[in-house]
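Proteins come first, then strands; the chains are lettered A, B, ... in the order of their sequence lines, and each starts at number 1. Computed from a predicted structure; not experimentally measured.
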2 protein chains.
Amino acid sequence: MRKHVLIYGLCGGLLIVALKLIEYRFLVVEHSIEIYGGVVAALFAVVGIWLGLKLTRKKETVVVREVAVPAPPFRVNQTRLQELGITRREHEILELIASGLSNREIANKLFVSENTVKTHSSRLFDKLSAKRRTQAVQIGKQLGLIP
Amino acid sequence: MRKHVLIYGLCGGLLIVALKLIEYRFLVVEHSIEIYGGVVAALFAVVGIWLGLKLTRKKETVVVREVAVPAPPFRVNQTRLQELGITRREHEILELIASGLSNREIANKLFVSENTVKTHSSRLFDKLSAKRRTQAVQIGKQLGLIP
DNA sequence: CTCAAAATCACCCGAAAGTATGACGACAGG
DNA sequence: CCTGTCGTCATACTTTCGGGTGATTTTGAG
């Protein structure tokens, strides 16, 4: 800011000197003082406006808008399934257990015997280190095997 | 913009007239033309700077920064709890069931008897229209009672 | 204080869940 | 052809769950 003022002052001084040097050659007409003043005024006004624009050009307003992330579509973690050696049937049964069905209901839905469902779920619990179906569901969710 | 220029011009004209009116009273000294020019220059430069600032004050660069909302914080649906007449204890037990604990484990955790846990869960199942604990968990999630 | 709701506990019993073990057929891959 | 995996099923047994009933204590609102 100070710098700008100094530069401005210097320019003003130089301009005045320049004008003085030529005032007796081209502006000797009587009453030309008004023209002289107007020109000087216009010139410095333009310089002032330019300076003012220069000084404030960098103003910015940062607007932070929070955007809700759309629900990430559930994707079964196939890698984990393989790691744990969980078969398709076992995974299918885990899903049905998670939806709140009993062994018998699952058996009916899959057209197999209840005992089969029990064996599957037993093996599933082993692989998930679960002792109960509720725990299996909880672990399954945590591992991304079910939504 | 046009308006500003006009106003400026008008002011300039008025100033010149004003100066002319007093030039023979206070600035009759020879060579005072330099002082006159300097004053006019400084005055209009100031006006110019002010104008420049005024013109650009409202210019803003809007930067939109999208912020991903991490996880929608889970909020228990208290209204639904009241609608169903589920007590605090029952809700507490629903949460523990959902985390995969057995009745006995819940009893130990809450320092009550297993029978108490059974009674609570029984009433809870009634209120949720659930026949099994797994179903209670599924319904509870659906109703926003548990995360 | 009083009353009702909530929380606690007990006992019984049948149903469901879970464990253990063995067996059989289908099917893919070496 | 042989072997391993998967899916299927069965039997027997133990544990857990859940329903039903009744009772006592705590607690909070009026």
In this structure, how many angstroms lie between the [atom2] atom of [N] and the [atom1] atom of [X], rounded?
| X | N | atom1 | atom2 | result |
| --- | --- | --- | --- | --- |
| A:Lys118 | C:dT21 | NZ | P | 16 Å |
| A:Phe111 | D:dG7 | CZ | P | 18 Å |
| B:Asn115 | D:dT21 | CG | P | 17 Å |
| A:Arg104 | C:dA15 | CZ | C1' | 8 Å |
| A:Leu110 | D:dT8 | CG | C1' | 12 Å |
| A:Glu114 | D:dT8 | CD | C1' | 15 Å |

Practice task
Please work out if A:Thr116 contacts a base, only the sugar-phosphate, or nothing of the nucleic acid, heavy-atom cut-off 4.0 Å.
Solution key: base

Exercise for the section: Using a 4.0 Å heavy-atom cut-off across all strands, classify B:Asn103 as base, sugar-phosphate, or nothing. Expected result: sugar-phosphate

Handout entry: Along DNA chain C (nearest heavy atom to each residue), the more 5'-positioned of B:His120 and A:Thr119
Key = B:His120

Return the minimal non-hydrogen interatomic distance between [X] and [Y], and the atom names on each side.
| X | Y | answer |
| --- | --- | --- |
| B:Gly85 | B:Glu90 | O-OE1, 3.9 Å |
| B:Phe74 | B:Gly144 | CZ-O, 3.6 Å |
| A:Ser121 | A:Ile97 | CB-CD1, 4.2 Å |
| A:Ile139 | A:Ala130 | CD1-CB, 4.1 Å |
| B:Leu101 | B:Arg133 | O-NH1, 3.0 Å |
| A:Arg132 | B:Ser102 | NE-N, 3.4 Å |

Problem - Neighbour count >12 (heavy atoms, 6.0 Å) for atom NZ, A:Lys141 - result: yes

Exercise for the section: Ignoring backbone atoms, establish whether A:Ser113 has a side-chain N or O less than 4.0 Å from OP1 or OP2 of D:dA10. Expected result: yes

Problem - Nearest-neighbour nucleotide for the B:Val112 side chain, D:dT8, C:dT8, D:dT11 considered - result: C:dT8

Exercise for the section: Report the nucleotide, chosen from C:dA17, D:dT8, D:dT16, that has the shortest atom-to-atom distance to any side-chain atom of A:Ser102. Expected result: C:dA17

Fill in the blank from the handout: Angle separating the five-pair end axes of the helix from C:dC1-D:dG30 to C:dG30-D:dC1, nearest 10°, is 60°

Exercise for the section: Determine, using the 4.5 Å side-chain heavy-atom cutoff (strictly less than), whether B:Leu110 and B:Ile86 are members of one ILVMFWY cluster. Expected result: yes

Exercise for the section: Consider only side-chain heavy atoms of I, L, V, M, F, W and Y, link residues closer than 4.5 Å, and tell whether B:Leu84 and B:Ile146 are in one cluster. Expected result: yes

Exercise for the section: Ignoring hydrogens and angles, tell me if any N or O in the side chain of B:Thr119 forms a donor-acceptor pair with the backbone of B:Asn115 under 3.5 Å. Expected result: yes

Handout entry: For DNA chain D, the residues among residues 121-137 of chain B that have a non-hydrogen atom under 4.0 Å from it
Key = B:Ser122, B:Phe125, B:Lys131, B:Arg132, B:Arg133

Completion exercise
Note: contacts of residues 77-93 of chain B with DNA chain D (heavy atom, under 4.0 Å) are none

Handout entry: Trace of the salt bridge (Lys or Arg N to Asp or Glu O under 4.0 Å) decision for A:Glu92 with A:Lys109
Key = CA-CA 11 Å; A:Glu92 193 178 359; A:Lys109 177 161 283 206; over 6 Å; no

Problem - pair A:Arg89-A:Thr116: side-chain heavy atoms closer than 4.5 Å - result: no

